[in-house]
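All heavy atoms count here, side chains included; hydrogens, waters and symmetry mates do not.
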Amino acid sequence: MASRRRIETRKATIAEYWLGSSEGLDRLRENAALIDLGEPHCFACGFDATEPEEPPEIWSVWDKAALDRCHLVPRSLGGDDLPSNLVLLCRSCHRDAPNVGDPTYMLRWITGRESYGARIARLANGALGVDELKGLADSFDSERVLEAVGVVGALLRAWTGTHGGYMNDSTLEAVIAEAVCRAGGRST
Ligand SMILES: [Zn+2]
């Protein structure tokens, strides 16, 4: 295990490096374009970690977001706490991300990570066979994906015991099923 010493680097500083400098933008590639500076999202899957009550203040709004600071190169392998070696990920992505000595692999993994919207669509299709959700692509420009994610996101906050924590597929499947049932006025 890496050192348990607290990371002092502010999340706002990390966000500013990756989304506000040309070097960070270049390294984060297309994922950067999907993230609004005033609305904290997981760098990898795009999970919306915005706290609704927070004022939309660029950079400082990131400090209170439910995102983990994750090393590209772990401390145990010599990685430092500079913003260039830290990214902001949701708990699920943090748990699943590679832990190796070359930052290239982490950055490649972030770019290729299934988006949160695509994950919800996949689980909905697989678990429920909901025809209406079929064909929802993993693109954030689809209004229907955003709509589905919004409904499920609200339910996630109100109805699960793991807010801000790791969300496994089975919990997410149950939330999707519940969301569909409630939307359709049916009971489970
Ligand atoms: Zn994520």
Side-chain angles (χ1 to χ4, degrees), residues 2 7 9-50 58-59 61-63 65-126 133-150 152-153 156 164-169 172 176:
I7 299 171
T9 315
R10 285 178 58 202
K11 292 180 189 177
T13 307
I14 299 167
E16 195 167 356
Y17 166 77
W18 289 96
L19 304 169
S21 79
S22 54
E23 183 182 290
L25 287 167
D26 190 50
R27 296 179 77 200
L28 198 52
R29 302 165 69 86
E30 57 259 44
N31 289 40
L34 300 172
I35 303 172
D36 187 301
L37 306 184
E39 296 175 358
H41 284 65
C42 171
F43 286 9
C45 76
F47 174 80
D48 184 356
T50 310
I58 288 180
W59 304 135
V61 73
W62 287 81
D63 282 331
L67 294 170
D68 289 353
R69 287 165 286 204
C70 316
H71 292 94
L72 295 185
V73 176
R75 274 177 177 163
S76 55
L77 296 173
D80 57 34
D81 288 353
L82 291 172
S84 55
N85 191 46
L86 290 165
V87 287
L88 299 171
L89 303 180
C90 71
R91 190 64 49 83
S92 300
C93 287
H94 193 181
R95 214 186 91 152
D96 293 344
N99 234 348
V100 297
D102 182 338
T104 311
Y105 291 97
M106 172 74 120
L107 288 168
R108 195 180 291 158
W109 180 86
I110 285 173
T111 307
R113 173 71 160 172
E114 179 182 40
S115 76
Y116 188 66
R119 186 180 175 205
I120 286 178
R122 172 174 58 79
L123 291 173
N125 286 339
L133 291 176
K134 282 195 177 122
L136 286 185
D138 61 338
S139 76
F140 273 81
D141 56 26
S142 162
E143 223 172 277
R144 293 190 63 204
V145 171
L146 287 175
E147 204 175 296
V149 170
V152 172
L156 277 174
Y166 179 69
M167 187 63 62
N168 60 28
D169 278 2
L172 203 45
I176 292 164

Does the D36 side chain pair with the main chain of G38, one donor and one acceptor, at a distance under 3.5 Å? yes

Just by distance, with hydrogens left out, do H71 and D81 show a side-chain donor and acceptor under 3.5 Å apart? yes

With the side chain counted from C-beta on, respond yes when E39 and H41 share a heavy-atom pair under 4.5 Å apart, and no when they do not. yes

Donor-acceptor pair, side chain of S21 and main chain of Y17, under 3.5 angstrom: yes

So, do C45 and S115 sit near enough that their side-chain heavy atoms are less than 4.5 Å apart? no

Hey, could you give me the CH2/OG1 distance between W62 and T13, rounded to the nearest 0.5 Å? 12.5 Å

Please check: side-chain N/O of N31 versus main-chain N/O of I110, any donor-acceptor pairing under 3.5 Å? yes

Salt bridge or not between R10 and D63? Use side-chain N to carboxylate O under 4.0 Å. yes

So do R113 and D96 actually touch side chain to side chain, heavy atoms under 4.5 Å? yes

Main-chain N/O of T9 paired to R69 side chain as donor or acceptor, under 3.5 Å: yes

So, K11 side chain and L67 main chain: donor-acceptor pair closer than 3.5 Å or not? yes

Closest contact, heavy atoms only, P40 versus A65: CB-CB, 3.4 Å

State, yes or no, whether a side-chain contact exists between I7 and R75 at a heavy-atom distance under 4.5 Å. yes

Are the side chains of L25 and W18 in contact, using a 4.5 Å heavy-atom criterion? no

Do R119 and D169 meet the salt-bridge criterion of a basic N to acidic O distance under 4.0 Å? yes

